[in-house]
Amino acid sequence: MGRVSGAEKQEFSEMENAEFSDLQLICHVRDALSAVTLGDRENYDELVGYLHRKESLNPDDIALLETTLKALSGTVSCIDSVHHESLLSAVYRMSLWNYGTSIMDALIELIVSLAASNGKYIDWSLELLVNNFTPPYHLMDSLKQESGIEKKNKVLSRVHAAFEAIAVLVPLAPLRLSPIVVQRMPLIYSKGPEILMYVENMLKLESGAIGEIVGVTMLPAIVDRLIELDVEIGWDGLLQEDAKGIFEMELEDAEFADGDGDDNMVGVSMVILSEHPCMLTCQADCIQAWLDQAVGVVKWLCEVAKLHMVNSGKRPRKQLGHRVISSAINYNSQEGKSLCSKLVVDSQLTVNFSANFCVNCKPAAEYLNRKTLEGNTIAEKLDSLIELTFLHLESCQSSGRLSEVFDVLLRSFQRTILNAYKSKFTQFVVFYACALDPEDCGVKFAMVLTDMFRSNFNPPNTRMSAVAYLASYLSRAKFVSAALVASILQRLVDWCLNYCQSHDSVMNPRAHQVFYSGCQALMYMLCFRMRSLMDAPRLKMQLLNMPMEPILQHKLNPLKVCLPTVVVEFLRQAKAAKLFMTSESFAFDDMLESDLSRAFGGIDRLDAFFPFDPCLLKKSESYIRPHFARWSKIKCDGANDGDLSESGSDASDDEFVDMNENDMIEDDMTVSVQAGLDFDPDLNRMSITPKNKFLLHFQQQNARMPARIRPSTSPESL
Amino acid sequence: MEGLKLSNANLTAYLHPSKSRDVSEAILRELSSLLFTFSEALDGVVLAYDINSLDNKKAKILSGVIPYFGVPLSLDLLLFSPKPDMLLEGKVVKLSQESIHVVVLGFSSAIITEKDIREEFVYKTKHEQDVYASKSHKRHTIKVGNMIRFSVKSFDEEILHIYGSLMADHTGSIHWLEKHSELISHTSRNAKKGESEGELTTLKQDAIDGKISSLDSARKVKKSKKQKMQEES
C-alpha cells in the first residue's frame with residue numbers, strides 16, 4: 001500500500017495544478033474501480049491505501065485524502081458492494097473525530113452520496129453516521145477540555161446535517177434510522193461518558209429536523225434505559241453513595257477554620273457504612289462514649305468490609321480506617337490520637353501514625369469527595385442521564401414543543417414506568433415535565449392517572465399503582481393548585497362512595513384492594529394538603545361537604561386496613577381540622593405496616609408505594625427541589641396541632657429548625673437517610689430493612705442526633 | 001403517470017385476543033403497519049386503504065397457545081408497483097455530474113445515473129445553479145425542483161428505491177414535454193405500439209398539475225382480484 005507508482009503520485013500531488021480537473025480525477029477513479037472487475041487491482045488498492053492513513057497526517061496527506069474522498073463521491077454509482085468490499089470497509093472504519101473539517105466534509109459528502117445512490121447502502125451509511133455519535137476511546141478524555149468540546153460540536157453538527165441531507169434524498173431513511181439508533185444504544189454497563197454522549201445525540205435527533213419521525217422512538221428508548229439503570233440500584237448501594245453525597249454537599253464549601261478548638265463548635269462526622277447504611281453524628285459531650293464505640297464500629301466495619309466491596313473495592317479496610325481516623329482528627333487532636341493508637345492496636349490496621357500523617361491527613365470532606373468522583377457507578381450514570389433529560393425538557397419548553405413531547409413521555413410512562421415498582425427516580429422525569437408546565441402537563445398527568453384508576457378495564461395492579469402515583473404526585477408537587485387537588489379528591493371520594501354503596505360486605509383486604517388503595521390515597525393526600533385546602537374558604541366548604549364519614553366508617557373498614565402511619569396522621573389532622581372524627585381509637589403501636597395492609601398491598605407492596613418520595617440523586621434533586629414539597633416543612637407549618645407522637649427524629653427535626661440554617665442539611669435528606677429507607681412521610685418508623693443489632697444499640701444510646709454535621713476544625717489547626 | 005393502480009382485496013386480519021374490546025381500532029392499526037411497505041401478495045406498495053366491509057360476526061378463532069381470531073375484510077387499496085419501462089414522474093431534489101436524484105410521490109427515492117441519461121443532456125453550472133440542458137432543444141432544461149418524467153429500469157422492493165433512465169425520447173422535463181407534445185407523440189406512435197395517444201396527453205395534463213389523481217389512473221385499473229371474483233361468480 002505504501003508503494004506508489006510514480007505516475008499516480010504525480011497526478012495526485014499536482015491536484016492543485018489546474019491541469020488535472022475534477023473530471024479527470026473522477027475518470028481516473030472510475031477506471032480504477034471498474035478495473036477491479038477485470039482483475040486489475042493496482043490502482044484500486046492504492047486508493048484504498050490512501051483511506052487507511054490516520055495518524056499524524058501532514059498537509060499533503062490531508063489533501064490527498066480529501067481528493068480521494070471527493071473523487072469517490074463523484075463515482076458512487078460505480079462502487080459495487082462485492083468487488084469493492086475493501087474500499088467500503090476502509091471507509092466504514094474512518095471516524096470523523098480523527099480528522100480536520102475539510103476531510104470531515106468530504107467524508108460526509110461521500111456517505112450521503114452513497115446512501116442516495118443505492119438502496120443497499122442506506123443502512124450502511126446510517127450505521128456509519130451513528131457510529132460517529134461517540135468519539136473513539138483515545139479521544140474520550142479530551143472532551144473535557146475546550147478543544148475537545150469544539151471538536152465535538154463540529155463533528156455532531158455535521159453528523160446531524162448529514163441525516164437531514166439523506167432524508168431529503170431518501171424520504172424513507174428516517175424510518176430506518178430509528179431502529180438502528182435504538183439497537184446501538186450503549187448498555188448500562190458501558191462507561192458513563194459514552195452513554196451520556198449517545199443519549200445527548202438521541203435527544204438532538206428528537207428535537208432536530210427529522211424529529212417528527214424519529215422522535216417518537218427516541219424518548220421511550222431513553223426512558224427504558226433509565227429504568228434499566230434504576231432497577232439496578234439497590235437501596236443499599238444508593239444510600240451508600242448518598243451518605244457520601246450528603247457530606248459532599250455540606251463539606252465541599254466548608255470553611256475549615258483555623259485556630260484552636262475553643263471557638264469552634266465541635267462536630268464530628270462518622271459514616272457507618274454497612275448493609276443498612278445510616279448516618280449518625282455525635283455531640284461533643286458524647287465523645288468518650290463515641291470513641292469507644294468508634295473502635296467497635298471500625299472493627300465491625302472491617303468484618304463487614306471483608307464481605308462487601310466498599311466503594312470501588314480497593315483495599316476497603318484501609319479506606320474505612322482512614323475515614324474514621326481522619327474524622328476523629330478533625331474533631332480534636334488529643335482524642336483523635338488516642339483513638340488512632342487504639343485502632344492501630346486493636347484492629348491491626350496498617351495505618352501509619354505519625355504526626356506528619358495527622359497533619360497531612362486530608363479532612364474528611366476532601367477524602368470523601370475524591371471517593372465519590374472515582375468510578376462511574378450506576379447511580380451516577382442515572383443521575384447524569386436524568387439531568388440531561390431535564391435539560392432537554394427545558395429546551396423543549398423554550399421552543400414550545402413541551403406538550404407534544406409530554407404526550408410521548410406520558411405514553412412511555414404508562415407502558416413502562418407505571419408498572420415497574422422498583423423504579424425509584426425515573427418517574428421524576430415526568431414530575432419535572434409537569435413542573436415546567438403546570439397548567440397543561442401538570443393537569444394532564446393528574447387526569448390521566450385518575451382515569452386509569454377509575455376505569456374498570458385496567459388490571460387491579462395498574463389501578464393501584466396509578467392511584468399511588470396520583471397521591472404521591474399531588475402531595476409532593478408544589479406547583480399543583482389547591483383547586484385541582486380538591487377536584488381530584490372529589491372524584492376519588494365519589495368513586496369510593498359508589499364502591500361502598502355497591503359493595504355491602506365486610507373487610508377483606510385482598511378482594512377489595514383497589515378500594516383500599518383509593519382510600520389510602522385519599523388519606524395520604526389530605527395529610528399533605530389539608531392545611532392548604534382549609535386555607536381557601538371555597539375549597540374548605542367543598543372539603544367539608546365531601547362524604548368521607550360514610551366511606552371511612554363503612555363495613556369494609558378502610559381505617560383498619562390501610563397503612564397505619566398514614567391512618568394515624570390523617571386522623572390526627574382530621575381531628576384538628578374538625579373534618580372527621582372517629583370514636584374508635586387507632587393505636588397501632590408505631591407500626592409502619594400491619595398484616596392487613598400487607599395483605600391488600602400484595603406481593604409488590606403497593607400499600608407502601610410512594611413513588612415521589614424525595615429523590616436521592618444529587619444532581620437531579622437540585623432541579624426538583626424548588627418544585628418539591630417537603631414533609632418536614634409541612635409539619636412545621638402545622639406544628640402545634642395535636643400531640644407529636646412521632647419518634648425521636650421528629651424531635652430532632654424541630655431542633656434543626658432552631659439551628660442556624662446554613663449549617664443544616666436539608667431536613668428530608670437527613671430524615672430519609674436516618675430512617676434507612678424513607679417511604680413515608682412519617683419518618684423513623686420505617687426500617688423496611690431488617691434491623692441491625694448494632695444499629696439498634698447505637699440508636700438507643702444516642703437517639704438524638706445532629707448538631708452540626710460539618711467538622712469545623714482542620715488538621716492544620718492541630 | 002403509470003404504476004399506480006386501484007385494487008380490491010379480500011384479506012383476513014388476525015388479531016390478538018387482548019384487542020377484542022376494540023376491534024376496529026386494532027384492525028386500523030394492523031392495516032397501518034402495511035403502509036409504505038411492499039407486499040408480495042398484493043404486488044405493490046400500499047399507499048392508501050379504504051375498508052369496504054368487515055364481517056364482525058364471523059371471525060374464526062385459531063387454535064393454539066394464543067387464540068388469535070381472524071376478521072375477514074374487504075378493502076380498496078391504492079397500490080404503487082413500478083415495473084420496468086413504465087413512465088414515472090417525480091421531483092428533482094439533487095443534480096450532479098454523475099446523477100439526478102428524484103423523489104416520486106413524496107416517499108420513493110429514484111436515481112438516474114449518468115450512463116442512463118441520453119447524450120442530448122449535458123451537465124452545466126449556470127448562474128450558480130446546476131442544470132442539465134439539452135443540446136438540441138434550448139429550452140429543455142432540468143433543474144432542482146422541476147418535475148421530470150423518466151422510465152423505470154428496476155425497483156428495489158425493500159427500500160422502495162427506483163433506478164430510472166432518461167434514455168427514451170419522451171422522457172425529460174414535463175413542462176417542456178407538455179408544450180411540445182405533438183413532437184413527442186409523433187415519435188412515440190412510431191416507437192411504441194398499443195399505447196393510446198389520448199391517454200398519454202391526459203396523463204401529461206395531470207402530471208403538470210403535480211397531483212396524482214387516482215381517479216384517472218383508475219381508468220387503467222387492473223382490478224385483478226375483483227375481476228377474478230366476478231369471473232368466478
Side-chain angles (χ1 to χ4, degrees), chain A residues 21-27 29-30 33-34 70-81 109-110 112-127 162 164-180 210 212-213 216 415 455-459 462, chain B residues 17-22 25 29 32-38 45-47 80 82 90-117 122-125 130 144-145 152-166:
Chain A
S21 69
D22 287 339
L23 199 55
Q24 284 169 307
L25 280 167
I26 289 180
C27 280
V29 170
R30 194 170 295 176
L33 289 173
S34 43
K70 283 202 176 135
L72 281 170
S73 316
T75 55
V76 278
S77 54
C78 305
I79 298 181
D80 177 65
S81 56
E109 204 190 313
L110 174 59
V112 172
S113 310
L114 265 175
S117 70
N118 193 325
K120 283 187 278 191
Y121 299 126
I122 290 188
D123 284 344
W124 182 90
S125 318
L126 293 175
E127 281 172 23
E164 289 170 39
I166 295 182
V168 166
L169 296 172
V170 184
L172 290 179
L175 270 179
R176 302 185 79 89
L177 180 60
S178 310
I180 293 176
I210 53 174
E212 275 174 22
I213 307 171
V216 183
R415 252 183 321 161
S455 153
N456 280 342
F457 293 131
N458 291 322
T462 306
Chain B
S18 63
K19 312 273 188 254
S20 53
R21 187 159 55 87
D22 194 351
E25 196 190 307
R29 188 160 288 174
S32 302
S33 68
L34 268 184
L35 289 173
F36 294 115
T37 54
F38 184 84
V45 181
V46 180
L47 296 184
F80 177 62
K91 190 168 177 188
V92 177
V93 285
K94 186 177 168 194
L95 283 176
S96 71
Q97 174 67 51
E98 202 210 10
S99 58
I100 301 178
H101 295 265
V102 182
V103 169
V104 176
L105 291 177
F107 75 92
S108 177
S109 53
I111 185 172
I112 305 168
T113 53
E114 196 209 352
K115 56 185 192 292
D116 292 316
I117 302 176
V122 168
Y123 176 76
K124 291 186 196 160
T125 312
D130 297 329
V144 172
V152 177
K153 263 176 64 185
S154 66
F155 180 55
D156 181 339
E157 288 157 7
E158 202 195 307
I159 189 68
L160 306 184
H161 194 92
I162 303 172
Y163 301 92
S165 112
L166 280 176

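Letters go in sequence order (proteins before strands), and every chain restarts at 1.
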Check your understanding: Can a donor-acceptor pair be found between the side chains of A:T75 and B:E98 at a distance below 3.5 Å?
Key -> no

Review point. With a 4.5 Å limit on heavy-atom distance, are the side chains of B:I159 and A:R176 in contact?
Key: yes

**Study point:** Nearest heavy atoms of B:T113 and A:S77, plus distance in Å
**Key:** CG2-CB, 3.7 Å

Check your understanding: Side chains of B:Y163 and A:N118: closer than 4.5 Å at any heavy-atom pair?
Key -> yes

Check your understanding: Is there side-chain contact between B:K94 and A:S113, with heavy atoms separated by less than 4.5 Å?
Key -> yes

Practice item. Decide yes or no for A:L169 and B:S109: does some side-chain heavy atom of the first lie under 4.5 Å from some side-chain heavy atom of the second? Key: no

Point to revise | Heavy-atom pair of closest approach, residues A:G119 and B:D156 | key: CA-OD2, 4.0 Å

Check your understanding: Non-hydrogen atoms of chain A under 4.5 Å away: do they reach the side chain of B:E158, the backbone, both or neither?
Key -> both

Check your understanding: If you count the non-hydrogen atoms of other residues, nucleotides and ligands that lie under 6.0 Å from CD in A:E212, is the total more than 12?
Key -> no

Point to revise | Contacting region of B:S99 [heavy-atom separation from chain A under 4.5 Å] | key: neither

Study note, to complete from the structure: Bottom line for A:L172: the part with an atom under 4.5 Å from chain B's heavy atoms is both

